Amino acid sequence: KLKISIEGHTDNVGTAASNLKLSQARAKAVMDAIAKAGVAGDRLASKGLGQTTPIADNRSDEGRAKNRRVELVKQP
């Protein structure tokens with residue numbers, strides 16, 4: 001019964017619009033792989049958040065690398 005939101009993120013390199021599109025594609029690719037592994041599609045959702053929620057400083061290569069990520073978030 002577990003439901004998961006798959007959330008894609010990017011660093012701040014590029015435009016906000018292109019980063020949003022990239023993050024959406026990133027999240028969808030992960031969702032598709034999970035579904036292909038046998039998890040029912042109605043238990044999964046994906047969304048891209050672009051560069052809006054960084055977890056590290058975008059002024060360094062290391063920080064930007066940490067911000068390029070996909071997170072799996074348990075849904076109620």
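The first residue in the sequence is number 1, and the count goes up from there. Being a predicted model, the structure only gives us computed values, none of them experimental.
Between the side chain of Asp11 and the backbone N or O of Ala65, no donor-acceptor pair lies under 3.5 Å. Although no hydrogens or angles enter the test, the distance criterion places a donor-acceptor pair under 3.5 Å between the side chain of Ser23 and the main chain of Asn19. Looking at Arg43, its side chain never comes within 3.5 Å of a backbone N or O of Lys1 through a donor-acceptor pair.
Put simply, the side chain of His9 reaches to within 4.5 Å of the side chain of Glu71, judged on heavy atoms. Between Gln24 and Ser46, the closest side-chain pair of non-hydrogen atoms is not below 4.5 Å.
Looking only at atom types and distance, the side chain of Asn67 has a donor-acceptor partner in the side chain of Asn58 under 3.5 Å away. A donor atom on one side chain and an acceptor atom on the other are not found under 3.5 Å apart for Gln51 and Asn12.
In terms of hydrophobic clustering, with Ile, Leu, Val, Met, Phe, Trp and Tyr side chains grouped at heavy-atom distances under 4.5 Å, Val73 and Leu49 are assigned to different clusters. Hydrophobic clustering, with ILVMFWY side chains joined whenever heavy atoms are under 4.5 angstrom apart, keeps Leu22 apart from Val13. Leu2 and Val39 fall within the same hydrophobic cluster, defined by Ile, Leu, Val, Met, Phe, Trp and Tyr side-chain heavy atoms under 4.5 Å apart, directly or through other members.
Ion pairing of Asp32 with Lys36 is absent here, as no side-chain N (NZ or NE/NH1/NH2) approaches a carboxylate O to less than 4.0 Å.
Rounding to the nearest 0.5 Å places NZ of Lys74 at 13.5 Å from NZ of Lys3. Remark: Ile6 CD1 to Gln75 CD distance equals 10.0 Å, nearest 0.5 Å. Here Met31 contributes atom CE and Ile4 contributes atom CD1; the two are 13.0 Å apart, rounded to the nearest 0.5 Å. Note that CG of Leu20 and OG1 of Thr10 are 8.0 Å apart. Values are rounded to the nearest 0.5 Å.
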Could you check Val70 against Glu7 for side chain to side chain contact (heavy atoms under 4.5 Å, CB included), going step by step and ending with a plain yes or no?
CA-CA 5 Å; Val70 173; Glu7 301 176 355; over 6 Å; no
